[in-house]
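Before I ask anything, here is the structure I am working with.
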Amino acid sequence: MADKYDAVIVGAGTAGLSAALAFGRAMRRVLVLDGGPPRNAPAEHAHNLFTRDGVAPDELLRLGKRDLEKYETVEVWEDVATAASGSDGDFTVTLSGGDSALARKVIIASGQTDVMPDMPGFAEAWGRGIYHCPFCHGWEVRDRPLAVYASGNMVMFRVNLIRNWSRDLIAITDGTEAPEEDRKKLDALGVPLYESPISAIESDTEEQKLTRIVLEDGTEIEREGLFTNPPQRQSSELAETLGCATVYMEMMQAHAISADPGTRETIVKGVFVAGDAGKIMQSLANAVASGAAVGAFVTHDLAADDVAAELASLTEKQA
Ligand SMILES: Cc1cc2nc3c(=O)[nH]c(=O)nc-3n(C[C@H](O)[C@H](O)[C@H](O)COP(=O)(O)OP(=O)(O)OC[C@H]3O[C@@H](n4cnc5c(N)ncnc54)[C@H](O)[C@@H]3O)c2cc1C
């Protein structure tokens, strides 16, 4: 297509739709690419989101898209961006069918994908008994028998937080040893420590809770919930193909796209990041906020470029 969009937003999750709203209200012509389900799709409900506590993940995005309907300059296409190239003011985003879209700016809002460990029962219980975030799902399992699973050097850090939701807590490491100091703390707090990796998870899918955790050494422990952070990978390869830098966040086991903390512009001029794909506290509320910020800052850049072009053309005419 020859027509150039002000911006192509890759990803129609919370961050992408939030950015699109700001662009729509600024009458900016943007294309939002909706490549499929959001990261929290495995969970039945989303929590800790102002005015929407308990909303179903697909309902949240349906509401987000409905809000965009009245803004004629916003298009949402069900398509996947496979590559992007170019430079500020002149990007080409390639779509899955081979078509491409031209844009002055690119917004990467494609999120992160949680990499499921090769462990029987884990993927089935992800978001339904196994959780990464207590602010999202902790209240639902408050005071229930819970476990944390982390490397030996991170396990105390996790216990500190999850103990806020339940004192009936055990700690399991992936086979690596917890530091002596942390062992003493766990012992004093009455948190049993297991240092054999988990080999399988058993759960009640209807009740959406775990029933048993089985360790490699054969130990079986009855628990209703497990908090752990599996590694993440960027859901799209756009950051890599465009040359954006990433930073490794050990706590999340994720490579986040580096960006200016204010404007969210990456090291590649004209390429911005919103939501989980960048370095933020990963949550829906923060995805909303970073999307809105990107929409505003990019609009500011576009408007300033338009003014500069207008002034240049006026000067040319006068000369
Ligand atoms: C199981 C689970 C439950 C969670 N529950 C909560 C909760 O209750 N409350 C909370 O605040 N947070 C929760 N989170 C975190 C929350 O899901 C994320 O912080 C949030 O989804 C980030 O929004 P996003 O728009 O950045 O990414 P996403 O929501 O993942 O959206 C990115 C979108 O981009 C699309 N996409 C990817 N690649 C491409 C491409 N190449 N082209 C086009 N589109 C593409 C994806 O399909 C997706 O739709 C949960 C996470 C998980 C894993």
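Each ligand, and each atom within it, is numbered from 1 in the order the structure gives.
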Exercise. Before accepting this row, confirm whether a basic side-chain N of the pair D306/R28 lies closer than 4.0 Å to the acidic partner's carboxylate O.
Key: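 Yes, charged N to carboxylate O under 4.0 Å.
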Quiz item: For ligand 1, is there an N or O atom under 3.5 Å from any N or O atom of D34?
Solution: no
Quiz item: M119 pairs by side-chain contact (heavy atoms from CB on, under 4.5 Å) with which of I130, I201, V214?
Solution: I201
Practice problem: Work out which heavy atom in L61 is nearest to a heavy atom in P38; give both atom names and the distance. | Solution: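 That closest heavy-atom pairing would be CD1-CG, 3.6 Å.
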Quiz item: With a 4.0 Å cut-off, would you call D301 and R104 a salt bridge?
Solution: no
Quiz prompt | Per-residue contact class, F135 against ligand 1 - non-hydrogen pairs under 4.0 Å | solution =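 Neither; no heavy atom under 4.0 Å.
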Quiz item: Taking atom CG of D3 and atom CG of L31, what is their separation to the nearest 0.5 Å?
Solution: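 Answer for the CG-CG pair, D3 versus L31, is 11.5 Å.
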Exercise. Quick one: sort the H255 and Y248 rings into parallel, tilted or perpendicular, breaks at 30° and 60°.
Key: tilted
Exercise. Give the atoms of ligand 1, by number and element, whose distance to some non-hydrogen atom of S283 is under 4.0 Å.
Key: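 Checking each atom against S283, I get 11 (O), 12 (N), 19 (O).
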Practice problem: Run the numbers for me: atoms of ligand 1, each under 4.0 Å from some heavy atom of G127, listed by number. | Solution: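 Matching atoms, with element in brackets: 1 (C).
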Quiz item: Between N286 and S283, do the side chains contain an N or O donor and an N or O acceptor separated by less than 3.5 Å?
Solution: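 Short answer, yes.
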Exercise. Would you check whether V80 has a nitrogen or oxygen atom less than 3.5 angstrom from a nitrogen or oxygen atom of ligand 1?
Key: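 No, V80 has no N/O under 3.5 Å of an N/O on ligand 1.
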Practice problem: State whether the shortest distance between N or O atoms of A46 and N or O atoms of ligand 1 falls below 3.5 angstrom. | Solution: no
Quiz prompt | Sub-4.0 Å atoms of ligand 1 with respect to non-hydrogen atoms of Q282 | solution =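 Selected atoms, number and element: 19 (O).
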Quiz item: Looking only at protein heavy atoms, which one is nearest to atom 37 (C) of ligand 1, and how far off is it?
Solution: S110 O, 3.3 Å
Quiz item: Going by the atom numbers of ligand 1, which of them fall below 4.0 Å from some non-hydrogen atom of H47?
Solution: 7 (C), 8 (O), 9 (N), 10 (C), 11 (O)
Quiz item: Backbone or side chain, does any N or O of A43 fall under 3.5 Å from an N or O of ligand 1?
Solution: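 In this structure, A43 places no N or O atom under 3.5 Å from an N or O of ligand 1.
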Exercise. Would you mind telling me if ligand 1 is within reach of the side chain of D276, the backbone, both or neither, using heavy atoms under 4.0 Å?
Key: both
Quiz item: Salt bridge between D88 and K105, side-chain N to carboxylate O under 4.0 Å?
Solution: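 Answer for the salt bridge query: yes.
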Practice problem: Considering heavy atoms of the protein only, find what lies nearest to atom 44 (N) of ligand 1 and give residue, atom and distance to 0.1 Å. | Solution: G35 N, 3.1 Å
Quiz prompt | Contact partition for A287 relative to ligand 1, non-hydrogen atoms under 4.0 Å | solution =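 The answer is the side chain.
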Quiz item: Does ligand 1 have an atom under 4.0 Å from some heavy atom of L49?
Solution: no
Practice problem: Considering heavy atoms of the protein only, find what lies nearest to atom 31 (O) of ligand 1 and give residue, atom and distance to 0.1 Å. | Solution: G13 CA, 3.4 Å
Quiz prompt | Salt-bridge contact R62-E59 (side-chain N to carboxylate O under 4.0 Å) | solution = yes
Exercise. Identify, by atom number and element, the atoms of ligand 1 in contact range of D114, meaning under 4.0 Å from any of its heavy atoms.
Key: 53 (C)
Self-check item: Sole residue of T14, D114, T113 in side chain to side chain donor-acceptor pair (under 3.5 Å) with R39
Solution: D114
Exercise. List the atom of K269, the atom of F91, and the distance in Å for their closest heavy-atom pair.
Key: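 For K269 and F91, the tightest heavy-atom pair comes out as O-CZ, 3.5 Å.
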Quiz item: Can you list the atoms of ligand 1 that are under 4.0 Å from a heavy atom of H137?
Solution: 3 (C), 4 (C), 5 (N), 8 (O)
Quiz item: Starting from atom 13 (C) of ligand 1, which protein heavy atom do you reach first, and at what distance in Å?
Solution: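 Ranked first by proximity to atom 13 (C) of ligand 1 is C136 SG, 3.4 Å.
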Quiz item: Less than 4.5 Å apart, any side-chain heavy atom of T228 and any of Y131?
Solution: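 Not touching, per the 4.5 Å side-chain cut-off.
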Practice problem: Would you mind listing which atoms of ligand 1 come within a distance below 4.0 Å of any non-hydrogen atom of T14? | Solution: 25 (O)
Self-check item: Region of P37 engaging ligand 1 - heavy atom pairs below 4.0 Å
Solution: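 Just the backbone.
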Self-check item: Cation-aromatic face contact R29/Y5, 6.0 Å, 45 degrees
Solution: yes
Quiz item: Below 3.5 angstrom, do we get any N/O pair linking A15 and ligand 1?
Solution: yes
Quiz item: Backbone, side chain, both or neither: what part of C133 comes under 4.0 angstrom of ligand 1, heavy atoms only?
Solution: neither
Quiz item: Of all the atoms in ligand 1, which lie at a distance below 4.0 Å from a heavy atom belonging to D79?
Solution: 43 (C)
Self-check item: Salt-bridge criterion met for R223 and E202 (N-O under 4.0 Å)
Solution: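 Answer for the salt bridge query: no.
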